[in-house]
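Just below is one structure, and these are the notes that go with it.
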Amino acid sequence: MRFLRVTAVLIALMSACGRTELVRYAGSSLVPLPEDFHGADITDAGPPPCMLVRTDQYSVPPFQRRAIDVLFVIDDSCSMEDDQRQLGANLNSFFSTFKQAQVDFHVGVITTDMASPERQGRLVAPFVTAQTPDIANAFEASVLVGTAGSGDERGLQALRAAIRPPLIDTVNAGFIRPSADFAAVILADEDDHAPTRVEFVTSAVRQLKADQQGVTIGAILLECGSTVNDWRYAQFARSFGDRGIITRCTQSYASTLRTIAGRVVNSNCIVGLKEPFDA
């Protein structure tokens, strides 16, 4: 009975972490995350790993990672040309993580422009998938959204529009899958100016998934001042607790994208057991 109980818990844990290989897993409890990790900045060291501290070993069958839908929200105002190019030039760092994990993904782009009727939460190009030829180059063309967008940046309002009717049933149809995890990655050098309350956008994202462990939010905020912590984009990311990733004042796009991709792919590894297994 004890073996069955422990094995069942381990199988559930490994399923959540999306492991695809046969492992021998040991366990008492996961190493706890630092108390200040929630909403903290990521570093080149990447996210805390999933680790266990016991030596008793159990064989766990392989599991397939869950599919992932990732929506980039890119500022297309007049100051963003260089940053869009930097993002595009480093996309291999993002997609290599997905390829290595052999995960089924959709990745699409919207902009912060809610003035142009051609934008307003609409995907700027067809979303890319694991079957898209030359994925990084195809997606680079998507992230170069130009700099003619409205200076009244409304990324959160655009995100909310993108994932709700009517767009999700029309021009954005097929992008978000019911069984897939969801992530949004925001790139901006200025705060969101939308009248929409942050809580409304958070609620719209949470309603996408019954399993909140499958939602990840990344905010790449390009300004360096102390007030960036108070930006609405930062508030939005922090509202998802340890599922929210905030980077400020960064020029290390490769490291940032690699870390965010790792967190998205392994989002369900950031868990903790309420009590240890039976001794």
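Note that the coordinates shown come from a computational prediction; the quantities given were computed from them, not determined experimentally.
Residue Glu199 qualifies as enclosed at atom CD: its count of foreign heavy atoms under 6.0 Å is above 12. Enclosure of atom CG in Asp82 is not indicated, since only 12 or fewer non-hydrogen atoms of other residues, nucleotides or ligands lie within 6.0 angstrom.
Side-chain contact between Val264 and Phe182 is absent, with no heavy-atom pair separated by less than 4.5 Å. Inter-residue side-chain proximity for Val107 and Phe98 is flagged as met; some heavy-atom pair is nearer than 4.5 Å. Residues Thr196 and Leu156 form no side-chain contact, since every pair of their non-hydrogen atoms from C-beta on lies 4.5 Å or further apart. Between Met80 and Leu222 there is a side-chain heavy-atom pair separated by less than 4.5 Å. The closest side-chain heavy-atom distance from Val185 to Val70 is below 4.5 Å.
Hydrophobic clustering, defined by side-chain heavy atoms of Ile, Leu, Val, Met, Phe, Trp and Tyr closer than 4.5 Å, groups Leu167 together with Val171. Other members of a hydrophobic cluster containing Met114 are absent, since no ILVMFWY side chain comes under 4.5 Å of it, directly or through relayed contacts.
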Could you go through the side-chain contact (heavy atoms from CB on, under 4.5 Å) check for Arg177 and Asp104 one step at a time?
CA-CA 11 Å; Arg177 296 164 291 180; Asp104 175 16; 2.9 Å; yes
With side-chain contact (heavy atoms from CB on, under 4.5 Å) as the test, would you mind laying out the steps for Leu187 and Val143 before giving the verdict?
CA-CA 10 Å; Leu187 176 73; Val143 303; over 6 Å; no
With side-chain contact (heavy atoms from CB on, under 4.5 Å) as the test, would you mind laying out the steps for Asp181 and Thr216 before giving the verdict?
CA-CA 8 Å; Asp181 288 349; Thr216 304; over 6 Å; no
Under the side-chain hydrogen bond (donor to acceptor under 3.5 Å, both in side chains) criterion, do Ser239 and Thr202 qualify, and how do the steps go?
CA-CA 7 Å; Ser239 69; Thr202 300; 3.0 Å; yes
Under the side-chain contact (heavy atoms from CB on, under 4.5 Å) criterion, do Phe95 and Leu257 qualify, and how do the steps go?
CA-CA 9 Å; Phe95 285 107; Leu257 289 169; over 6 Å; no
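Scored by the salt bridge (charged side-chain N to carboxylate O under 4.0 Å, His left out) test, Asp113 finds no partners at all (sequence neighbours excluded).
A donor-acceptor pair is defined here as one N or O able to donate and one able to accept, closer than 3.5 Å; such a pair exists between the side chain of His106 and the backbone of Phe175. Side-chain atoms of Asn172 do not come within 3.5 Å of backbone N or O of Arg122 as any donor-acceptor pair. One N or O on the side chain of Asp192 and one on the backbone of Gly155 form a donor-acceptor pair closer than 3.5 Å. Judged by distance alone, with hydrogens and angles left aside, the side-chain atoms of Asp191 form a donor-acceptor pair with the main-chain N or O of Arg232 at under 3.5 Å.
Using a 3.5 Å distance cut-off with no hydrogens or angles, the side chains of Asn90 and Arg258 do not pair a donor with an acceptor.
With a 6.0 Å cutoff to the six-membered ring centre and a 45° limit on the axis angle, Arg206 counts as a cation-pi contact of Phe240.
The shortest non-hydrogen separation linking Ser77 to Ser150 is CB-O, 3.9 Å.
A ring-centre distance under 6.0 Å is not found for Phe200 and Phe236. Taking the six-membered ring for Trp, Phe139 and Phe94 have ring centres at least 6.0 Å apart.
Of the candidates Val205, Leu123, Val109, Leu123 is the only one forming a side chain to side chain contact (heavy atoms under 4.5 Å, CB included) with Leu71.
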